[in-house]
Amino acid sequence: MRIPDDKIEEVRATVELVDVAGEYTRMKRSGSRYKGLCPFHDENTPSFTVDPEKNLYHCFGCKAGGDLFKFVQEVEGMSFIESVRMLAERAGVDLPEGDAPEESDKRAGIHHALRFAANFYFKRLMRSDEGEAALRYLHERGFEDDTIKEFGLGWAPDAWDGLLEAAQEEQIKPETLEEAGLVKARKKSDGYYDRFRGRIMFPILSHVGKVLGFGGRILDADDDAPKYINTPETAVYNKRRVLYGMHQARRAIRDAGKALLVEGYTDVTALHQAGVETAVASSGTALTRQQIELLGRYADRIVLLYDADEAGVRAAMRGIDRILEESLAPYVVALPEGQDPDSFVFERDAEAFREYVEEHRDDFVAFKYAQAGREGQLDTPESKAEAQREVIRSIAQIPDRLTQDTYVERASDVLGVPDIHLHEPPPRRAACGQRAATR
Ligand SMILES: [Zn+2]
């Protein structure tokens, strides 16, 4: 169905391009315009401008330019219609729902199916008898209705064809549901069945708010089924590129210049509810380069909140080096033993949580060296030197020379080694070879 012109104009008049662009790159006022680093090409000095009067953008570097819709199409790789739908949702402009999109437009079909599913699950949770137990469980865990709404939590009925049937009534084909990761094909007979059954649903949104997939948490803890299942990779969902909670967190992250990286869906929702709105989670994957890039559009610091167990420390170590490579500043905070952020903010409060993070925040130099100490690596001169080299190698990952220098100074303090010995990092390759040889 065509979108009426007056609706398109209403969206254009309501949404400020500078706000939308500000979600992809930090925009600063410069005279009558706004300037920022171009989201379409690599650059170090801003040549991307937005004219807030005309609601148009132009880049002097790569010559990209156009209006609100063009910007979203280009930056999100969407069709015109998709860009209008996305911006209309944001502006609160109601568009005619229309028929299911043409099968030829596969991605649009998948997005349509996902949007439908998110609505379906949400209504099942909030307005049906079958969702009652799940809603009670969420309330008992301390989640308020506003949070449930903000994150669009839902309930997948404990049935083989709950979603399947409802979607077919809306002319959404099972094949499209399968492509969206919502149903699976039966192996021994024809037909499909719901992937998510008897689960609390956490929609995974793109940072601009499109439903890309779901995480589903089992309600009945005695069940043998895995606690969480997630949407598999699809044409629209690539878990390496998405951070859970980014859509809700992006403004707070931009304002604070930093992001708080936590483990799970409920950590994110609990922290947001408590007022710690910079929390996001990399769901189902170790922190990836693409996720750090995404955060880098909004922030220059990433605080990793990790479990003080072995797996948690290893994940933090890996995260640190990735973050450094992307020219962001990593900080780490170990959680008190046996606690997760979710239980922490519910048992105590947001203020206590913030204080804890402030007090226990380590920069990576201190963290790596302290960790070496905990592992007994500082006990012999040889292993101590290796621990120092490890820190220096991390510093060498930082692309920006000035930042490197400040960390060299910091390392000099922490390691008790004169600066002069820190400036020439040992070649990484030789060091790796050495380690491989001793294994
Ligand atoms: Zn450009």
Side-chain angles (χ1 to χ4, degrees), residues 8 11-91 107 111 205-210 212 236 238 240-243 246-247 249-251 253-259 280 288-302 322-329 397-403:
I8 295 175
V11 172
R12 196 196 301 280
T14 316
V15 181
E16 305 264 4
L17 174 53
V18 66
D19 285 346
V20 177
E23 283 159 20
Y24 298 88
T25 176
R26 261 172 284 174
M27 301 295 293
K28 282 208 182 106
R29 192 172 252 290
S30 153
S32 63
R33 289 160 192 257
Y34 286 85
K35 260 188 158 183
L37 292 174
C38 181
F40 302 111
H41 82 277
D42 262 336
E43 62 175 4
N44 296 318
T45 26
S47 45
F48 175 82
T49 62
V50 169
D51 181 336
E53 286 292 307
K54 300 197 177 109
N55 230 12
L56 295 174
Y57 70 98
H58 176 73
C59 173
F60 294 99
C62 68
K63 306 292 173 213
D67 67 1
L68 184 65
F69 303 110
K70 175 84 181 302
F71 179 82
V72 172
Q73 285 172 62
E74 296 286 312
V75 82
E76 284 291 314
M78 286 180 174
S79 70
F80 174 69
I81 299 289
E82 283 179 293
S83 75
V84 176
R85 283 206 180 277
M86 190 194 95
L87 292 164
E89 248 170 67
R90 175 193 174 107
R107 284 172 61 91
H111 279 303
L205 309 181
S206 75
H207 59 294
V208 289
K210 281 173 86 87
L212 304 176
V236 305
N238 176 343
R240 303 180 63 77
R241 295 182 176 279
V242 182
L243 286 159
M246 195 62 198
H247 175 60
R250 66 200 201 282
R251 256 186 214 104
I253 292 176
R254 189 182 52 193
D255 293 346
K258 67 178 176 200
V280 293
T288 66
R289 184 177 52 76
Q290 292 97 324
Q291 289 166 341
I292 298 166
E293 268 175 20
L294 176 60
L295 288 171
R297 294 180 193 168
Y298 304 90
D300 42 28
R301 279 166 295 155
I302 301 180
R322 295 237 165 94
I323 293 166
L324 288 172
E325 282 166 25
E326 296 300 318
S327 298
L328 302 181
Q397 312 261 331
I398 304 171
D400 176 52
R401 192 62 207 235
L402 258 172
T403 315

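Both ligands and their constituent atoms are indexed starting at 1 by order of listing. These numbers come from the heavy atoms of this one structure, side chains and all, not from hydrogens, waters or symmetry mates.
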* Asked: Would you call R251 and E23 a salt bridge, using N to O less than 4.0 angstrom?
  -> yes

* Is it true that E293 and R289 have a side-chain N and a carboxylate O under 4.0 angstrom from each other? -> yes

* Measure the CG-NE2 distance between L294 and H207 for me, rounded to the nearest 0.5 Å. => 5.5 Å

* In Å, rounded to the nearest 0.5 Å, how long is the span from CD of E76 to CZ of F71? -> 9.0 Å

* What do you reckon, is NZ of K210 surrounded by more than 12 foreign heavy atoms closer than 6.0 Å? -> yes

* **Metal environment of the Zn ion (ligand 1), protein N/O/S under 2.8 Å** => C38 SG, H41 ND1, C59 SG, C62 SG

* Asked: Who are the side chain to side chain donor-acceptor pair (under 3.5 Å) partners of E74, not counting sequence neighbours?
  -> none

